[in-house]
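Notes follow once the structure below has been shown.
Basis for what follows: all heavy atoms, side chains included, without hydrogens, waters or symmetry-related copies. We name chains A, B, ... by the order of the sequence lines, and we start the count at 1 in each one.
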Amino acid sequence: MNDKFLKPYSPQDTEANIYTRWQESGFFNPDKLPTRHQKPFTIVMPPPNANGNLHVGHALAIALEDIMIRYKRMQGFKTLWVPGADHAGFETQIVYEKKLEKEGRSRFKMDPQDLYKEILAFTLENKGNMEAQVRALGASCDWSREKFTLDPDVVAETHRTFKKMYDDGLVYRGSRIVNWCSKHATSLSDVETESKEKVDPFYYFKYGPFTISTARPETKFGDKYVVMHPDDKRYAEYKHGQQLTAEWINGPITATIIKDEAIDMEFGTGVMTITPWHDAVDFGIAERHKLDREQVIDMRGKLLPIAGEFAGLKIAEARPKIVEKLKAKGLLVKVDEKYVHNVPVCYKCETAIEPQILPQWFVKMQPLAEKAIKSVEAGEVVFQPDNYRKIFLYWMNNTLDWNISRQIVWGIPIPAKICDACGFAAPDLEGTLTTCPTCKSATALRADTDTFDTWFSSGQWPLLSLGYNSSKDGSARGDCKSFYPTDIMETGSDLIFKWIPRMVIFGLYLTGKAPFHTVYLHGLVNDAQGKKMSKSKGNVVNPTDLIVKYGTDALRIGLIVGNTPGTNLALSEDKIRGYKNFANKLWNISRFVLESTSGAGGTTAFAYDPTFTAWSEADKALVAERDTLVAEITKEMDENKFYLVAEKLYHYIWHRFADIILEDSKAILGSAAPNAVPTVAPSADKTSRAQFLLHTHRTILKAMHPFIPFVTEEIWSLLPKTAGEQTLLMVEKWPTA
RNA sequence: GCGCCCUUAGCUCAGUUGGUAGAGCAGCUCAUUUACACUGAGAAGGUCGGGGGUUCGAGUCCCUCAGGGCGCACCA
């Protein structure tokens, strides 16, 4: 028996060495696996943001994906787990802007190219840091295939997709209302906004013969359309298109009556004026009736000249002054001081979103969403847990065209030319357009300075990370040839909107195949009381700290047990400490098994015999019990019920194998070795029990390996091997009953 | 407003097609030069949120109420 067993198991002295051994074996790379590994099994890692440290949610994701991969690898699949790093466009730019702010700098005063270079350096530094943390978690991913979301081939392929979609009529440039964050000075997609409850005064004003109401008087300068429901009997005397004069903020205005069903007759007075430039509903009404639209607020949140004496003021300052003026003119009817409503805010800075009409690139969603719905309804993609299927379908049935232009530098540039003279806009991948094809102007034609929404490229990630290349249609397409479609997409449940639908859409659009057959969604990792971790509450748990204290194995299994897909997990340090004890228990079990089956002076009394079947009566029952367990957990592994498997194995190993079977074995096997220098043959009962311990010990190590890879691999390395056994446990066969 | 999820032992959670309630942690009582104190043995602890229904039988299926969480929403 190896002397290492004389000391307690030390994860700190073991894990890094084991990881090196795995990496040097080459087995993370599917092409280097032994020949029994033929059928591909693929997971693409959701690339962690390369802008900071991993949090404990990442640790859960890595643990889950690694369990899936290690299990399948042991079963003989040709496993590929593609690691990645995300430049995370908008998110990283915000992290960097905060850093600039602390240094008293601002991106608005910087040359965009310098800013890009600085963020790139920052990201590359964090990328290395992030990768080291992924390794520390034991991830058996193929680093030789690692992809960064700004790698040149990723950028080139994203550009080609943009062009293809434009050619197919699925991408267009349009002046539509978008979500504008005036702090970050960029537009945002609908999933990048949140709604927040606000209490504001709600004003009622006289507008010609009507009383209208609003929470935003500062947008009302240009309002010249009065809208009411066509069925509203109160206003039946007014006809659609009829004109009338109304006294308004800066003098009389000619107003036009519009009848539209978007109006809620129950709300307010049932009459409103519209501001199409700064309100999505109003924009919709204006679109339907082809009405004029005028900008009132500029891109930094200040009033434009249309506001007359109020021009140049910020919204917050202007609002009370405008109300004051209307009151003085006798147009203020009443004010509800406490009007509760939800306003959209930027999901990062909580600045109120100012809708603006901007020329941007949009993806036409409906035809793409229809394909995704069909695919999911046909069962080509299944969700774990199943209720996310409903959420997915609801989302796909209610799509709006997707704005993919961002006014930030950190991202993939949009390869397009825009003509400021005639409005021409089209992709120009090679940069060959120098004069506008429509109006022939050379001076008005410029390159688009915007970048893509990160999700435009991330949505293609299963393809991009596998080297998909649409320009070589029909020929070799990198790893996509053998590994696409992938098998499982494991990610956080919050990405059910932001990411999953886009991957399904792009996969179907570009290849006709959904990018994965299973979506496994994990929940949030909360603190021990089930409260969300946040910096302000001070309850954030850093995975690296836990690894240092308890070892990666303890952290991994602590994150898995009691964690069902889709539901949040309460993580307590006690739990992880308990699993550190478990790793040590396994260590001592190994020591006992080796000691009690080996002879004195290093001779082996009982060598592991894989073909042994002459079980004693007592051991037959134990073999049957173990085989039942193996059959159960194999089924549960196939169903991705890792929480059940981990718990069952834990219970069997500790409370059956160690507490009962090992204790009983002491009496059967005698004090230590049966006979160092055998004078009589060991009894049949002794042989049977010794073989049972040796067999079951190996079964336990193999079955636990996906969950606690380090300690099981370390123990495996200390076992005397029999012919046919692999040097590394990671490529041993998964046990069979 | 619409939708989804949750409510089971002190705490955190399991409980597969309906068939006599489970685990981990904490707590309690003992034991202890043991493979292992990173330990063992034992006991205790729940009318499964309330009410109603279906059924021979409901933690599980249906209805309803209450509490908690989350998501979506263009009532100006």
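In this structure, A:Asn588 places its CG atom 10 Å from P of B:U39, rounding to the nearest Å. One interatomic measurement links the two molecules: CG of A:Asn398 to P of B:G1, which rounds to 20 Å at whole-angstrom precision. Here the C1' atom of nucleotide B:C4 and the CG atom of A:Leu393 are 13 Å apart, to the nearest Å. Spacing between atom NE2 of A:His341 and atom P of B:G1 amounts to 17 Å, rounded to whole angstrom units. Residue A:Asp190 contributes atom CG, which lies 16 Å from atom P of B:G71 at whole-angstrom precision. Per the geometry, CZ belonging to A:Phe392 stands 16 Å off C1' belonging to B:C72, to the nearest Å. As rounded to whole Å, 16 Å separates atom C1' of B:A73 from atom CD1 of A:Ile353. B:C11 atom P lies 19 Å from atom CG of A:Asn568, rounded to whole Å.
In this structure, a donor-acceptor pair under 3.5 Å is present between the side chains of A:His341 and A:Asp200. Side-chain contact annotation: A:Asp223 with A:Thr273, donor-acceptor N/O pair under 3.5 Å present.
Contacts of A:Gly558 with the nucleic acid, taken as non-hydrogen atoms under 4.0 Å apart, are absent. In this structure, A:Asp659 reaches the sugar-phosphate backbone alone: every heavy-atom distance under 4.0 Å involves primed, P, OP1 or OP2 atoms, never a base. A:Tyr394 comes within contact range of the sugar-phosphate backbone alone, with a heavy-atom separation under 4.0 Å but no base atom that close. Residue A:Ala570 is classed as a sugar-phosphate contact, given heavy-atom separations below 4.0 Å to backbone atoms only. Within 4.0 Å (heavy atoms only), A:Glu663 reaches at least one base atom of the nucleic acid. Contact annotation for A:Phe497: backbone-only contact, meaning every heavy-atom pair under 4.0 Å involves sugar-phosphate atoms and none involves a base. Within 4.0 Å of A:Tyr643, counting heavy atoms only, lie sugar-phosphate atoms of the nucleic acid but no base atom. Heavy atoms of A:Ile274 sit nowhere under 4.0 angstrom from any nucleic acid atom. Note on A:Ala215: nothing from the nucleic acid sits closer than 4.0 angstrom, heavy atoms only. Contacts of A:Thr567 with the nucleic acid, taken as non-hydrogen atoms under 4.0 Å apart, involve only primed sugar atoms and P, OP1 or OP2. Using a 4.0 Å heavy-atom distance criterion, A:Thr275 is classed as making no nucleic acid contact.
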For nucleotides 20-25 of chain B, print each protein N/O atom paired with a nucleotide N/O atom at under 3.5 Å, atom names and distance only.
{"unit_1": "B:A23", "atom_1": "O2'", "unit_2": "A:Glu647", "atom_2": "OE2", "d": "3.4"}
{"unit_1": "B:G24", "atom_1": "OP1", "unit_2": "A:His655", "atom_2": "NE2", "d": "3.3"}

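Aromatic ring centres of A:Tyr71 and A:Phe642: separated by at least 6.0 Å.
Put simply, the side chain of A:Arg234 gets close to the backbone of A:Met265: a donor and an acceptor are under 3.5 Å apart. No donor-acceptor pair closer than 3.5 Å links the side chain of A:Asp282 to the backbone N or O of A:Trp277. With hydrogens and angles ignored, the 3.5 Å screen pairs no side-chain donor or acceptor of A:Asn584 with any backbone N or O of A:Lys580.
Nearest heavy atom pair, residue A:Ile177 against residue A:Pro276, reads CD1-O, 3.4 Å.
When each of A:Phe710, A:Phe582, A:Phe592, A:Tyr9 is tested with A:Trp587 by the rule ring-ring contact (aromatic ring centres under 6.0 Å, His included), just one qualifies, namely A:Tyr9. Only one option out of A:Tyr520, A:Tyr388, A:Phe392 pairs with A:Phe383 in a ring-ring contact (aromatic ring centres under 6.0 Å, His included); it is A:Phe392.
Across all strands shown, B:G19 forms a Watson-Crick or G-U wobble pair, both distances under 3.5 Å, with B:C56. Here B:A66 sits opposite B:U7 as a Watson-Crick or G-U wobble pair (both hydrogen-bonding atom distances under 3.5 Å). Across the strands present, B:G1 finds its partner in B:C72; the criterion is a Watson-Crick or G-U wobble pair with both atom distances under 3.5 angstrom. Pair assignment for B:A44: none, as no Watson-Crick or G-U wobble contacts are both less than 3.5 Å.
Taking 4.0 angstrom as the limit, A:Lys390 places none of its side-chain polar atoms (N or O) nearer than this to OP1 or OP2 of B:C2.
Taking atom C1' on both nucleotides, B:G18 is separated from B:G57 by 8 Å, rounded to a whole Å. B:C61 and B:U54 have their C1' atoms separated by 8 Å, with the value rounded to a whole Å.
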